[in-house]
Asks: 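The structure under discussion is supplied below as structure tokens; questions concerning it will follow.
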Amino acid sequence: RFVADARSSISGSGATVLQDLQLAKSNESVELLQSITVNGTLAFVNNANHLLCVNDTLTLGPNAGDIVGADANNYVVTNGEGALLKKQVGAAFFYPVGFDQSTYNPVALANLGGAEDLGIRCREHVSTHADAGTPAVQHAVDAAWDLIKPQSNGANLSIALTWNGLDELPGFNRALC
């Protein structure tokens, strides 16, 4: 359980596996400085808590439940190479992610196929050529989501992306989505 008003971090060497992780800070963050696995519950307890996965991955084990207390003020930030990965998604899972501490871009995945490990990374800009090239300046949402799928077990995915109206670039037409 992380409490207090200062930023905290999780670091170390080797595999770090936690049963539960609670963020009960006051308007502060916990930063991953190494990849970790949570096998039980990830809970956001207080307001304005963020788990920063800048260059590391937060993996939720196959028996981990839904993330508790996540909303537009409490979510996982994946603005680098880091990601939120859920092991063995067999039906539906909600990924409360954003590319920074003020922009919430969650994703809902429904898997109608075989159970798979599925992850999401959110990036600030959509580029003209996938994850390379110059950032788009019109006719798009100014956010990008990377689906991380380490293996192929026959997933059949339905994906619902969410963004803020302020992320819509000039000329974007929501009716065409």
Side-chain angles (χ1 to χ4, degrees), residues 1-3 7-10 15-32 34-123 141 143-164 167 177:
R1 182 172 188 173
F2 286 88
V3 296
R7 179 176 281 190
S8 300
S9 62
I10 299 174
T16 297
V17 179
L18 305 172
Q19 181 56 36
D20 299 310
L21 177 58
Q22 285 189 342
L23 282 76
K25 300 181 81 54
S26 298
N27 296 311
E28 252 316 329
S29 304
V30 175
E31 182 175 6
L32 292 187
Q34 74 171 78
S35 294
I36 67 167
T37 299
V38 175
N39 284 325
T41 301
L42 170 60
F44 293 93
V45 179
N46 287 347
N47 195 32
N49 283 266
H50 298 95
L51 184 59
L52 307 178
C53 298
V54 178
N55 291 309
D56 295 288
T57 298
L58 168 62
T59 300
L60 300 176
N63 296 319
D66 291 332
I67 298 171
V68 176
D71 59 24
N73 295 308
N74 301 287
Y75 53 91
V76 178
V77 175
T78 60
N79 60 356
E81 292 301 311
L84 173 58
L85 181 96
K86 172 72 169 96
K87 294 274 197 185
Q88 297 299 299
V89 176
F93 193 75
F94 184 73
Y95 294 79
V97 297
F99 65 79
D100 65 21
Q101 291 172 269
S102 61
T103 305
Y104 183 52
N105 303 101
V107 175
L109 289 180
N111 183 1
L112 307 174
E116 285 200 50
D117 300 351
L118 298 169
I120 295 291
R121 173 184 307 117
C122 186
R123 292 182 286 119
V141 171
W145 296 264
D146 296 331
L147 175 65
I148 297 147
K149 201 168 163 269
Q151 77 275 1
S152 181
N153 291 338
N156 177 7
L157 301 176
S158 171
I159 302 173
L161 306 172
T162 305
W163 61 87
N164 298 311
D167 291 334
C177 291

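Starting from 1, each residue takes its place in the sequence as its number. Side chains included, hydrogens not; waters and symmetry mates left out as well; all remaining heavy atoms used. The shown structure was predicted, so the numbers you read here are calculated from the model rather than taken from an experiment.
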Asks: Any non-hydrogen side-chain atom of L52 less than 4.5 Å from a side-chain atom of V30?
Replies: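 L52 does not reach V30 side chain to side chain.
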Asks: Could you check whether N74 and D71, counting side-chain N and O atoms only, form a donor-acceptor pair closer than 3.5 Å?
Replies: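 Distance-only check passes for D71 and N74.
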Asks: Would you check if L32 and N55 make a side-chain contact, meaning some heavy-atom pair closer than 4.5 Å?
Replies: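 No; the side chains remain at least 4.5 Å from each other.
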Asks: Please check: side-chain N/O of T78 versus main-chain N/O of A83, any donor-acceptor pairing under 3.5 Å?
Replies: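 Such a contact is absent between T78 side chain and A83 backbone.
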Asks: Do you know the tightest heavy-atom contact between N105 and W145?
Replies: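 It is O-NE1, 3.0 Å.
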Asks: After noting the C-alpha distance and the side-chain angles of F93 and L60, does the key distance pass the side chain to side chain contact (heavy atoms under 4.5 Å, CB included) rule?
Replies: CA-CA 11 Å; F93 193 75; L60 300 176; 3.6 Å; yes
Asks: What's the separation between atom CD1 in I67 and atom NZ in K86, rounded to the nearest 0.5 Å?
Replies: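 The NZ atom of K86 is 9.5 Å from CD1 of I67, to the nearest 0.5 Å.
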Asks: For Q19, give me all partners under side chain to side chain contact (heavy atoms under 4.5 Å, CB included), at least two apart in sequence or on another chain.
Replies: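 For Q19, the residues satisfying side chain to side chain contact (heavy atoms under 4.5 Å, CB included) (neighbours in sequence not counted) are N39.
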Asks: Not counting sequence neighbours, which residues clear side-chain hydrogen bond (donor to acceptor under 3.5 Å, both in side chains) with T162? List them please.
Replies: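 side-chain hydrogen bond (donor to acceptor under 3.5 Å, both in side chains) list for T162, sorted by chain: empty.
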Asks: Report yes if some heavy atom in the side chain of L58 is under 4.5 Å from a heavy atom in the side chain of L51; otherwise report no.
Replies: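 Side-chain contact under 4.5 Å: yes.
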Asks: Sub-3.5 Å donor-acceptor pair from the side chain of Y95 to the main-chain atoms of V76, do we have one?
Replies: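 Answer holds: no.
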Asks: What do the steps show when you test L23 against N46 for side chain to side chain contact (heavy atoms under 4.5 Å, CB included), and what is the final call?
Replies: CA-CA 7 Å; L23 282 76; N46 287 347; over 6 Å; no
Asks: Residues two or more places apart in sequence or in another chain: which of them pass salt bridge (Lys or Arg N to Asp or Glu O under 4.0 Å) with D117?
Replies: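 Residues passing salt bridge (Lys or Arg N to Asp or Glu O under 4.0 Å) with D117: K87.
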Asks: Does L112 have any side chain to side chain contact (heavy atoms under 4.5 Å, CB included) partners at least two apart in sequence or in another chain, and if so, which?
Replies: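 In terms of side chain to side chain contact (heavy atoms under 4.5 Å, CB included), with neighbours along the sequence ignored, L112 is linked to N156.
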Asks: Say you draw a straight line from CD of Q101 to CG of N79; how long is it, rounded to the nearest 0.5 Å?
Replies: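 Separation between the atoms: 8.5 Å.
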Asks: Heavy atoms only: give me the nearest A15-Q34 pair and the separation to one decimal.
Replies: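 It is C-NE2, 4.4 Å.
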Asks: Roughly how far, to the nearest 0.5 Å, is the CG atom of L84 from the CG atom of L42?
Replies: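 Going from CG on L42 over to CG on L84, the span is 8.0 Å.
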Asks: Do Q88 and E116 touch side chain to side chain, with heavy atoms closer than 4.5 Å?
Replies: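 In short, these two side chains do not touch, never coming nearer than 4.5 Å.
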Asks: Shortest non-hydrogen contact from P106 to F94?
Replies: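 Residues P106 and F94, closest heavy atoms: CB-CZ, 3.4 Å.
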Asks: Checking the side chain of D146 only, and the main-chain atoms of R121 only, is there a donor and an acceptor separated by less than 3.5 Å?
Replies: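 No; zero donor-acceptor contacts below 3.5 Å.
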Asks: Return each pair, listed once, that meets salt bridge (Lys or Arg N to Asp or Glu O under 4.0 Å) where at least one residue sits in residues 51-62; pairs must be two or more places apart or across chains.
Replies: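 Of all non-adjacent pairs touching residues 51-62, none passes salt bridge (Lys or Arg N to Asp or Glu O under 4.0 Å).
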Asks: To the nearest 0.5 Å, what is the distance between CG (N111) and OG (S158)?
Replies: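 Rounded to the nearest 0.5 Å, the CG-OG separation comes out at 10.0 Å.
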Asks: Which pairs, with at least one residue in residues 51-86 and sequence neighbours excluded, count as a ring pair (Phe, Tyr, Trp, His ring centres under 6.0 Å)?
Replies: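 The answer is H50-Y75, Y75-Y104.
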Asks: Distance check, rounded to the nearest 0.5 Å: L118 atom CG versus L85 atom CG?
Replies: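 Reported to 0.5 Å precision, the distance equals 7.5 Å.
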Asks: Quick one: pull up OG1 in T59 and CD1 in I36 and give me the separation to the nearest 0.5 Å.
Replies: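 It is 8.5 Å, given to the nearest 0.5 Å.
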Asks: Are any of the side-chain heavy atoms of L157 and V89 separated by less than 4.5 Å?
Replies: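 A side-chain contact is absent here, since even the closest heavy-atom pair is not under 4.5 Å.
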Asks: So, do E31 and V54 sit near enough that their side-chain heavy atoms are less than 4.5 Å apart?
Replies: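 Side-chain contact under 4.5 Å: yes.
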